[in-house]
Amino acid sequence: MSKLFFKGRIDPREKYQRFGYNTKRKTKLGSENAPLILSVQTQERQTVIETLLAQHGLHGEITLEPTKPENTVQLDTLLNLPGTQTFEKKPNRNDPCSCGSGNKFKKCCG
C-alpha cells in the first residue's frame, strides 16, 4: 500500500512489539527450565512427592522444612487440570433410528 494515500500507521509501533503477554512461550511449569518449587514437612512425604513427579515426568525442587506448613499447590494444580469435555452426538433427523427399526429418526423415535 502506498504511504502517500494511507492515513494510518503501516508498521505497528515498536513499543508494542517488545512488550505484551507471551502466550506461546516454550517454558512450562514442571519442566527442567522451570521446575516446581515444593516444600514438605517429613521425609516420607518427600518420597511420595518424588514418586509422583517421576510418574508424571515432572521436575521439581523439594525442600524439607519441618517448621513450615506443606506447600504443594503447584503440583496439585498440574495434576488436577480439567480434561477435554466430550458429548455424545445426538442423532440428526434424517439419520437411521438407533432402535433398529430401519426408519429415519424423525419418523420413528423423534
Side-chain angles (χ1 to χ4, degrees):
M1 192 182 273
S2 174
K3 290 187 177 184
L4 298 174
F5 299 107
F6 186 68
K7 292 185 177 182
R9 274 189 201 278
I10 291 178
D11 301 324
R13 289 187 177 176
E14 186 178 320
K15 176 182 168 184
Y16 296 120
Q17 291 177 351
R18 291 183 295 175
F19 303 112
Y21 185 71
N22 187 5
T23 58
K24 297 182 182 179
R25 66 179 174 200
K26 303 275 182 192
T27 58
K28 292 189 178 182
L29 192 61
S31 65
E32 291 181 10
N33 296 334
L36 299 171
I37 299 171
L38 309 168
S39 64
V40 293
Q41 291 182 337
T42 61
Q43 185 68 31
E44 294 84 20
R45 183 68 175 152
Q46 184 176 2
T47 56
V48 169
I49 297 292
E50 287 173 351
T51 56
L52 275 173
L53 291 174
Q55 285 176 353
H56 294 285
L58 299 171
H59 298 278
E61 296 176 0
I62 304 170
T63 57
L64 184 64
E65 298 175 359
T67 58
K68 293 185 178 179
E70 183 172 292
N71 183 10
T72 58
V73 174
Q74 292 179 345
L75 179 64
D76 294 338
T77 56
L78 278 181
L79 295 180
N80 297 326
L81 289 175
T84 306
Q85 293 182 351
T86 57
F87 297 101
E88 191 173 318
K89 184 182 174 187
K90 288 175 52 177
N92 201 1
R93 291 186 66 221
N94 291 326
D95 289 343
C97 191
S98 60
C99 68
S101 65
N103 293 336
K104 291 184 178 182
F105 182 75
K106 66 181 177 183
K107 297 276 185 176
C108 183
C109 295

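Values reported hereafter were calculated over all heavy atoms of this structure, with side chains retained and with hydrogens, waters and symmetry mates removed.
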>> Taking CD in Glu32 as the centre, count heavy atoms belonging to other residues, nucleotides or ligands within less than 6.0 Å. Is the count above 12?
In response: no

>> Can you give me the closest heavy-atom contact between Pro35 and Gly60, atom names plus distance?
In response: CB-CA, 4.0 Å

> So how far is it from Lys107 NZ to Arg93 CZ, rounded to the nearest 0.5 Å?
Replying inline: 9.0 Å

>> Please report the interatomic distance CD(Glu44) to CD1(Ile49), rounded to the nearest 0.5 Å.
In response: 12.5 Å

> Are Pro91 and Ser98 side-chain neighbours, meaning at least one heavy-atom pair lies under 4.5 Å?
Replying inline: no

>> Tell me which one of Val40, Thr47, Leu36 satisfies side-chain contact (heavy atoms from CB on, under 4.5 Å) with Ile62.
In response: Val40

Please report, to 0.1 Å, the donor-acceptor pairs under 3.5 Å made by any side chain of residues 64-80, with sequence neighbours excluded.
{"unit_1": "Glu70", "atom_1": "OE1", "unit_2": "Arg45", "atom_2": "NE", "d": "3.3"}
{"unit_1": "Glu70", "atom_1": "OE2", "unit_2": "Arg45", "atom_2": "NE", "d": "3.1"}
{"unit_1": "Glu70", "atom_1": "OE2", "unit_2": "Arg45", "atom_2": "NH2", "d": "3.2"}
{"unit_1": "Thr72", "atom_1": "OG1", "unit_2": "Asp76", "atom_2": "OD2", "d": "3.4"}
{"unit_1": "Gln74", "atom_1": "OE1", "unit_2": "Ile37", "atom_2": "N", "d": "2.9"}
{"unit_1": "Thr77", "atom_1": "OG1", "unit_2": "Val73", "atom_2": "O", "d": "3.3"}
{"unit_1": "Thr77", "atom_1": "OG1", "unit_2": "Gln74", "atom_2": "O", "d": "2.8"}
{"unit_1": "Asn80", "atom_1": "ND2", "unit_2": "Asp76", "atom_2": "O", "d": "3.2"}

> Can you tell if the side chain of Leu53 reaches within under 4.5 Å of the side chain of His59, non-hydrogen atoms only?
Replying inline: no

> To the nearest 0.5 Å, how far apart are NZ in Lys28 and CG in Asn33?
Replying inline: 12.5 Å

>> I need the Gln46 CD to Ser39 OG distance, nearest 0.5 Å.
In response: 10.5 Å

